[in-house]
Amino acid sequence: MPKVLISDKMDPKAAQIFRERGVEVDEITGKTPEELKAIIGQYDGLAIRSSTKVTKEILEHATNLKVVGRAGIGVDNVDIPAASAKGVVVMNTPFGNSITTAEHAIALMFALARQLPEADASTQAGKWEKNRFMGVELTSKTLGLIGAGNIGSIVADRALGLKMKVIAFDPFLTPERALEMGVEKVTLDELLARADFITLHTPLTDQTRNILSAEALAKTKKGVRIINCARGGLIDEEALKAGLDSGHIGGAALDVFKVEPAKESPLFGTSNFISTPHLGASTTEAQVNVAIQVAEQLADYLVSGGVTNALNMPSLTAEEAPKLKPYMALAEKLGSLVGQLAHGAVTGIAIEAEGAAAALNLKPITGAVLAGFMRVHSDTVNMVNAPFLAKERGLDVREVRHDREGDYHTLVRVTVTTADGERSVAGTLFGDQAPRLVELFGIKVEADLAGPMLYVVNEDAPGFIGRLGTTLGEAGVNIGTFHLGRRSAGGEAVLLLSVDEAVDADLLAQVKALPGVKTAMGLVF
Ligand SMILES: NC(=O)C1=CN([C@@H]2O[C@H](COP(=O)(O)OP(=O)(O)OC[C@H]3O[C@@H](n4cnc5c(N)ncnc54)[C@H](O)[C@@H]3O)[C@@H](O)[C@H]2O)C=CC1
Ligand SMILES: O=C(O)C(=O)COP(=O)(O)O
């Protein structure tokens with residue numbers, strides 16, 4: 001039974017779903033990295049929010065880990081390249097808390113416009129300072145969105161309802177989408193110069209880090225009010241403090257900080273500064289949504305192989321997974337076969353699908369071919385990290401679908417390109433389930449690729465099979481299955497034998513010495 005650790009506070013629905021889906025679950029929150037390292041080895045899955053930092057060191061100790069699920073959106077607390085390199089799938093729940101977070105941004109905008117927290121504190125202190133708190137109206141003001149994705153567009157929708165003018169800076173925002181959203185697409189400098197309120201809704205990446213730098217803040221309109229419900233590293237906090245102190249910045253509301261938990265900050269106590277402790281996603285509705293989603297997604301992956309919302313792997317629905325499973329087994333065997341047989345550096349690999357296979361999602365099939373191909377040289381390769389490793393090695397990977405009907409109702413062909421040219425193998429599924437090799441380097445064969453095997457290429461001549469059988473028999477090697485194919489009578493023949501134990505170097509040398517043998521190799525599947 002797969003075992004999952006919930007390491008951050010999560011709605012109880014998550015644990016309930018895991019149990020209902022046959023996944024064992026432990027809820028252990030608030031662990032230090034050292035404590036987490038000590039226990040993470042027991043788990044197949046890890047469900048987190050933003051507190052747990054899934055670092056390279058943690059992943060090194062996660063010997064059984066297959067999947068990390070983020071109950072929320074931002075995954076800057078997960079070292080995705082390290083997870084990919086280890087073959088761990090990373091998933092998030094991209095929509096579950098977006099409305100809630102957008103509402104928090106709007107709430108903070110109102111709070112800034114009317115200085116609600118300071119007015120509240122003063123009133124409750126018995127001061128009744130009616131003349132101290134003069135606010136601004138939102139109607140007709142310009143709201144500048146930095147980042148117009150899911151949350152940014154909900155914020156835009158709400159702001160338009162408040163009769164604000166919305167302008168947006170997002171390099172990936174198309175003019176059509178801007179039109180549909182009812183916002184004006186602008187450059188960052190234009191946004192800085194025109195916005196009365198600025199709200200940030202981008203992930204934290206190398207491009208967005210410090211996007212509101214001291215220099216950018218200096219370009220803003222005097223009196224601008226800034227809201228950040230995205231990530232702390234997007235704003236230079238010291239420059240923000242200086243801007244608030246000088247009065248150039250009229251107000252700032254931060255839900256997120258560069259260092260969290262933010263127990264101290266030069267910003268605390270500054271006039272017109274409001275803060276909340278990363279509460280953007282903290283509503284009952286959003287937490288139920290993300291808890292259900294993350295548990296369903298992790299359970300799907302661990303129980304049936306379904307992949308949803310993965311950041312480092314193509315999606316595969318829980319319905320598709322059982323259909324694709326035998327294809328992935330076939331693909332992995334074909335990848336392994338070409339990996340074991342290829343001589344010299346492989347520069348390209350093509351995956352072709354014919355018949356029923358052509359209608360399938362090819363990404364997982366390609367991942368399985370690459371995993372089989374590269375596992376020949378490394379034990380730690382799987383479907384998740386194989387495409388990344390292939391890219392790292394500069395392997396040119398191609399996927400081709402053919403409409404044509406071939407000899408088989410379904411066929412997957414894998415062709416590798418080496419300095420010596422192209423070589424291909426092809427396989428089908430018998431009864432839609434059992435992987436079978438049907439073609440090897442242009443020769444028709446029919447073989448089950450399983451366990452230790454012996455591969456022999458020889459000149460087709462009478463008596464050869466007998467001599468080979470005797471050689472193996474004398475060495476005490478039992479033959480399980482025997483598959484033969486040849487280009488033409490008397491031409492090149494290929495033999496694939498499954499053997500009960502791997503053929504050792506001595507025996508291989510004897511086989512190679514038999515008359516007519518061109519190549520002989522031991523294979524393992
Ligand atoms: N405070 C909180 O509790 C929460 C914070 N968040 C944060 O909000 C962020 C945004 O979430 P979503 O809108 O769902 O993500 P999203 O992926 O739908 O949208 C992000 C947008 O940022 C844009 N973007 C990327 N690089 C950019 C750049 N250099 N300049 C301008 N725009 C850029 C993208 O094109 C995209 O449209 C998340 O990454 C997360 O960090 C999300 C949920 C809760
Ligand atoms: O979903 C996100 O990106 C968030 O920042 C929410 O964080 P949390 O789950 O509340 O720790």
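In listed order, ligands and their atoms are each counted from 1.
Of the protein's non-hydrogen atoms, Asn150 N, 4.0 Å is the one closest to atom 16 (P) of ligand 1. When only non-hydrogen protein atoms are considered, atom 33 (C) of ligand 1 lies nearest to Thr202 CG2, 3.6 Å. Shortest contact from atom 44 (C) of ligand 1 to any protein heavy atom: Thr101 OG1, 3.1 Å. Atom 5 (C) of ligand 1 has Cys229 O, 3.1 Å as its closest protein atom, hydrogens excluded (heavy atom only). Nearest protein heavy-atom contact of atom 35 (O) of ligand 1 is Asp170 OD1, 2.7 Å. Scanning the protein heavy atoms around atom 10 (C) of ligand 1, the nearest turns out to be His201 O, 3.6 Å. Ile151 N, 2.8 Å is the protein heavy atom nearest to atom 13 (O) of ligand 1. The protein heavy-atom contact nearest to atom 39 (O) of ligand 1 is Pro203 CA, 3.2 Å.
At distances below 3.5 Å, not a single donor-acceptor pair connects side-chain atoms of His248 with backbone N or O atoms of Leu244. Without hydrogens or angle criteria, Asn385 side chain to Ala85 main chain gives a donor-acceptor distance under 3.5 Å. A donor-acceptor pair under 3.5 Å links the side-chain atoms of Gln287 to the main chain of Ala281, judged by distance alone. When atom types are taken as modelled, the side chain of Glu320 and the backbone of Thr317 share a donor-acceptor pair closer than 3.5 angstrom. Side-chain N or O atoms of Arg194 include none that pairs as donor or acceptor with a backbone N or O of Thr142 at under 3.5 Å. Of the possible polar contacts, none joining the Asp44 side chain to the Pro2 backbone as a donor-acceptor pair under 3.5 Å is found. In terms of modelled atom types and a separation under 3.5 Å, the side chain of Lys86 and the main chain of Ala62 share a donor-acceptor contact. Checking side-chain atoms of Asp11 against main-chain N and O of Ala291 turns up no donor-acceptor pair under 3.5 Å. Here the side chain of Asp8 pairs a donor or acceptor atom with the backbone of Thr52 at under 3.5 angstrom. The backbone N or O of Thr208 sits less than 3.5 Å from a side-chain atom of Thr205, completing a donor-acceptor pair.
Checked by distance only, ligand 1 and Gln207 stay at 3.5 Å or farther apart across all their nitrogen or oxygen atoms. Not a single N or O atom of Gly74, backbone or side chain, sits closer than 3.5 Å to an N or O atom of ligand 1. Polar contact check, Ser98 against ligand 1: no nitrogen or oxygen pair lies under 3.5 Å apart. Considering backbone and side-chain N/O atoms, Thr208 never comes within less than 3.5 Å of an N/O atom of ligand 1. Considering backbone and side-chain N/O atoms, Ile73 never comes within less than 3.5 Å of an N/O atom of ligand 1. Considering backbone and side-chain N/O atoms, Gly149 comes within less than 3.5 Å of an N/O atom of ligand 1. Taking only nitrogen or oxygen atoms, main chain and side chain alike, Ala281 reaches within less than 3.5 Å of ligand 1.
When heavy-atom distances to ligand 1 are checked against a 4.0 Å cut-off, Ser50 has no atom that comes that close, whether in backbone or side chain. Proximity of Phe95 to ligand 1, defined as any heavy-atom pair under 4.0 Å, is not found for any part of the residue. Residue contacts with ligand 1, taken as heavy atom pairs separated by less than 4.0 Å, do not involve Asp76 at all.
Using a 4.5 Å heavy-atom cutoff, the side chains of Asn289 and Ile292 are not in contact.
Remark: ligand 1 atoms within the under-4.0 Å shell around heavy atoms of Gly147 are 22 (O), 32 (N). Interface of Asp255 with ligand 1, defined as ligand atoms under 4.0 Å from a residue heavy atom, comprises 1 (N), 2 (C), 3 (O).
Rounding to the nearest 0.5 angstrom, the gap separating the CE atom in Met109 from the CE atom in Met164 is 4.0 Å. Considering CG of Leu145 and CG of Leu191, their distance stands at 8.0 Å, rounded to 0.5 Å. Separation of atoms OG1 (Thr174) and CG (Leu179) is listed at 9.5 Å; rounding is to 0.5 Å.
The protein residues lying under 4.0 angstrom from ligand 2, judged by non-hydrogen atoms, are Arg49, Ser50, Arg70, Ala71, Gly72, Ile73, Gly74, Asn97, Arg231, His278, Ala281.
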Q: Give the C-alpha distance, both sets of side-chain angles, the deciding distance and a yes or no for salt bridge (charged side-chain N to carboxylate O under 4.0 Å, His left out) between Glu296 and Arg21.
A: CA-CA 8 Å; Glu296 295 281 9; Arg21 300 279 310 264; 2.9 Å; yes
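For Glu332 and Arg375, the salt-bridge test passes: some basic side-chain N is under 4.0 Å from an acidic carboxylate O.
Between Thr139 and Leu162, the shortest heavy-atom contact is OG1-O, 3.6 Å.
Contact annotation for atom 37 (O) of ligand 1: protein present (non-hydrogen atoms, distance under 4.0 Å).
Residue contact annotation: Gly72 has no non-hydrogen atom under 4.0 Å from ligand 1.
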